[in-house]
Amino acid sequence: MEMLTQAPKGTKDVLPDESYKWHYVEGKIREIARLFGYKEVRTPTFEHTELFERGVGDTTDVVQKEMYTFTDKGGRSITLKPEGTAGVVRAYIEGRLYAQPQPIKMYYITPVFRYERPQAGRLREHHQFGVEVFGAPEASVDAEIISLAVTLFDRLNIKNLELNINSIGCPSCRPRYHQVLKEYLSGQLDQLCSNCKQRFDRNPLRILDCKEERCRQVVASVPVILDFLCDECKAHFDGLKRYLDAAGIPYKVNPMIVRGLDYYTKTVFEFISRDIGAQGTVCGGGRYDGLVGLCGGPETPGAGFGMGIERLLLVMENQGVEIPPPPKLDVMFITVGDEARFQAFKLVRDLRLKGISADMDHVGRSIKAQFKYADKLNIPRVCIMGEDELKNGCVKVRDMASGREEPVPMNEIVAYLERLRRLD
RNA sequence: GUGGGUAUAGCUCAGGUGGUUAGAGCGCCAGAUUGUGGCUCUGGAGGUCGUGGGUUCAAGUCCCACUAUCCACCCCA
């Protein structure tokens, strides 16, 4: 097909008949973010490549093979955001937000880019709603962001999401577990898939959520990280569970979820749907206490999540969730002849200035065609202006549902329609 | 990066074993005695049959390559 007339692979247009769904979801997001005390942050669509290499971690798949990276005309290496957190961390440091009253609670809605093969629920450009909290180490924050996500799902009438939580420890206890894990696996190295053999040295944790059947068997009876957490991490995880219990949020402790980004410490979690195909993660996040420091800011605890808006919409569609349709045009002017169109143009303008949405024919169609058009657009009322009406200085207002028509003097039409709209 | 499915009108799809001007439904535009929508009827526009090769007297149909798209793997939202 033509390059010219086809969106790049893995990208999607949101056409006018769909955009109201996005407005609806984004509206709920902003409403709930406000309810929880989060303010919006907007960061650039691209950042210096180094930020992601450092922040996300250069052993991750995201950095190793999925980034949209290019050299700009000044010779800088630039990368389109492959996730939302790193840019916000950078902005927190650059904007000296650590000098403001802590914690800082922010949210964003942003495009995210990853070079992957598209499939159901996966695009090269998608959009994420994310939240980040800086300067608060307590487990109550981890519980709060999970609660925020749950509240949003409820408000959107999304059902059957499964919340999985886990703790992957901190720099003081995770190395111990790595050792235990490697000792356990070293005897069965030859049974692992080739991918996992490489992970063994680089990031043994990731072997835990390999989908290969033989790896799963090896890993089935592996020691669990939760048994090796240091006292602080253990207390933190217990705290998280207590807060979730208190909020009445059901969850499953799943020691096999580890997440693909290097910056996580302690809490990690995922919301998973079975209704949208193989890529079921709708929301993923956790705690990242070392990230701000790693990126050159003061040591600052942090926690957050990213939520895929396309996947959100997919779940809603597959679950048959009704989204309120956008408001229709209030009134359409149907004109016969040039003079009528001229007069209608002025009236339409007056109506719009008064907050009544109005439109008129711009293509010189027959009166019948104009009616059909208004009917197809489901417009509740039309105003008819032809020679007779011009002669009498009035317009005929027709209610499309009932078919009733009423003549109204031209200079009263604005007030008349305002009155009608108050009644609707 | 790997594997599988699909590719005919704006949309959903027909087009046995290759055979003259490629069809339907829906949608779009127009009309049914000249100023009125929905129902009905009539007409019209719109297709280099994804692209490029090959086989053949003849290819939408068979073969090859490429591209796009969908689904799955890896991984992730």
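Residue numbers begin at 1 in each chain, while the letters A, B, ... track the order of the sequences.
The base of B:U36 sits within donor-acceptor range of the side chain of A:Glu405, with an N or O pair under 3.5 Å.
Protein atom CD of A:Gln64 is 13 Å distant from nucleotide atom C1' of B:G1, rounded to whole Å. Rounding to whole angstrom units, CD of residue A:Glu66 and C1' of B:A77 are separated by 11 Å. Look at NZ on A:Lys376: it is 9 Å from C1' on B:C29, rounded to the nearest Å.
With a 6.0 Å radius and a threshold of 12 heavy atoms from other residues, nucleotides or ligands, A:Arg349 has its CZ atom at or below the threshold. Residue A:Asp338 qualifies as open at atom CG: its count of foreign heavy atoms under 6.0 Å is 12 or below. Under a cut-off of 6.0 angstrom, the local environment of CZ in A:Phe70 is crowded, with over 12 non-hydrogen atoms contributed by other residues, nucleotides or ligands. More than 12 heavy-atom neighbours from other residues, nucleotides or ligands sit within 6.0 angstrom of CZ on A:Phe228. For OH of A:Tyr373, the number of neighbouring non-hydrogen atoms (other residues, nucleotides, ligands) closer than 6.0 Å is 12 at most.
In this structure, A:Arg206 reaches the sugar-phosphate backbone alone: every heavy-atom distance under 4.0 Å involves primed, P, OP1 or OP2 atoms, never a base. Here A:Val282 lies in heavy-atom contact (under 4.0 Å) with sugar-phosphate atoms only.
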Please tabulate, for side-chain N and O atoms in residues 131-150 of chain A, each donor-acceptor pair with protein atoms closer than 3.5 Å (sequence neighbours left out).
| unit_1 | atom_1 | unit_2 | atom_2 | d |
| --- | --- | --- | --- | --- |
| A:Glu132 | OE1 | A:Tyr288 | OH | 2.4 |
| A:Glu132 | OE2 | A:Thr85 | OG1 | 2.9 |
| A:Glu132 | OE2 | A:Tyr108 | OH | 3.1 |
| A:Asp142 | OD1 | A:Arg287 | NE | 3.1 |
| A:Asp142 | OD1 | A:Arg287 | NH2 | 2.7 |
| A:Asp142 | OD2 | A:Thr267 | OG1 | 2.7 |
| A:Asp142 | OD2 | A:Arg287 | NE | 3.0 |
| A:Glu144 | OE1 | A:Lys105 | NZ | 3.4 |
| A:Glu144 | OE2 | A:Tyr38 | OH | 2.6 |
| A:Glu144 | OE2 | A:Lys105 | NZ | 2.7 |

What pairs of nitrogen or oxygen atoms, one from the protein and one from nucleotides 69-72 of chain B, lie under 3.5 Å apart?
| unit_1 | atom_1 | unit_2 | atom_2 | d |
| --- | --- | --- | --- | --- |
| B:U69 | OP2 | A:Lys9 | NZ | 3.0 |
| B:C70 | OP1 | A:Lys12 | NZ | 3.3 |
| B:C71 | OP2 | A:Ala120 | N | 2.9 |
| B:A72 | OP1 | A:Ala278 | N | 3.0 |
| B:A72 | OP2 | A:Gln119 | NE2 | 3.1 |
| B:A72 | OP2 | A:Ala120 | N | 3.4 |

Quick test: give all pairs of protein nitrogen or oxygen and nucleotides 38-47 of chain B nitrogen or oxygen below 3.5 Å, distance rounded to 0.1 Å.
| unit_1 | atom_1 | unit_2 | atom_2 | d |
| --- | --- | --- | --- | --- |
| B:G38 | O4' | A:Asp375 | OD2 | 3.1 |

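Annotation: salt bridge (Lys or Arg N to Asp or Glu O under 4.0 Å) contacts of A:Glu47 (sequence neighbours excluded): A:Arg90. In this structure A:Gln188 satisfies the side-chain hydrogen bond (donor to acceptor under 3.5 Å, both in side chains) test with no other residue, sequence neighbours excluded. The salt bridge (Lys or Arg N to Asp or Glu O under 4.0 Å) test applied to A:Arg274 returns no partner, not counting sequence neighbours. In this structure A:Lys266 satisfies the salt bridge (Lys or Arg N to Asp or Glu O under 4.0 Å) test together with A:Glu232, A:Asp289, sequence neighbours excluded.
For the pair A:Lys182 and A:Phe200, the cation-pi test (distance below 6.0 Å, angle within 45°) is passed.
Across the P atoms, B:U12 and B:C70 are found 13 Å apart, a figure rounded to whole Å. Distance noted for atom C1' between B:U48 and B:U33: 43 Å (whole Å). Comparing the C1' positions of B:G15 and B:A9 gives an interatomic distance of 14 Å, to the nearest angstrom. Going from the C1' atom of B:G18 to that of B:G60 covers 10 Å, rounded to whole Å.
Salt bridge A:Glu162/A:Lys252: present, at least one basic N to carboxylate O contact under 4.0 Å.
Under the 3.5 Å distance criterion, the side-chain polar atoms of A:Tyr24 are left unmatched by any main-chain donor or acceptor of A:Leu156. Between the side chain of A:Asp361 and the backbone N or O of A:Ile334, no donor-acceptor pair lies under 3.5 Å. Side chain of A:Gln319 to backbone of A:Lys159: a donor-acceptor contact under 3.5 angstrom is found.
Taking a pair as Watson-Crick or G-U wobble with both distances under 3.5 Å, RNA chain B forms stems of 3 or more consecutive pairs at B:1-7 with B:67-73, B:10-13 with B:23-26, B:28-32 with B:40-44, B:50-54 with B:62-66.
Less than 4.0 Å separates RNA chain B from at least one heavy atom of each of the following residues of residues 377-396 of chain A: A:Ile384, A:Gly386, A:Glu387, A:Asp388, A:Glu389, A:Lys396. Listed by residue number, there are no residues of residues 29-41 of chain A with a heavy-atom contact under 4.0 Å to RNA chain B. Residues from residues 301-323 of chain A lying near RNA chain B, meaning a heavy-atom separation below 4.0 Å, are A:Gly306, A:Gly308, A:Arg311 in numerical order. Shown for residues 45-61 of chain A: residues whose heavy atoms fall under 4.0 angstrom of RNA chain B, namely A:Asp61.
A sub-4.0 Å separation between OP1 or OP2 of B:G35 and a side-chain N or O of A:Ser366 is absent. Between A:Lys368 and the phosphate of B:U36, there is no side-chain N or O to OP1/OP2 separation shorter than 4.0 Å.
Ranked by how close their nearest RNA chain B nucleotide is to the 5' end, A:Asp399 and A:Arg365 are led by A:Arg365.
Contact detail for A:Leu312 and A:Ile158: the closest heavy-atom pair is CD1-CD1, 3.8 Å.
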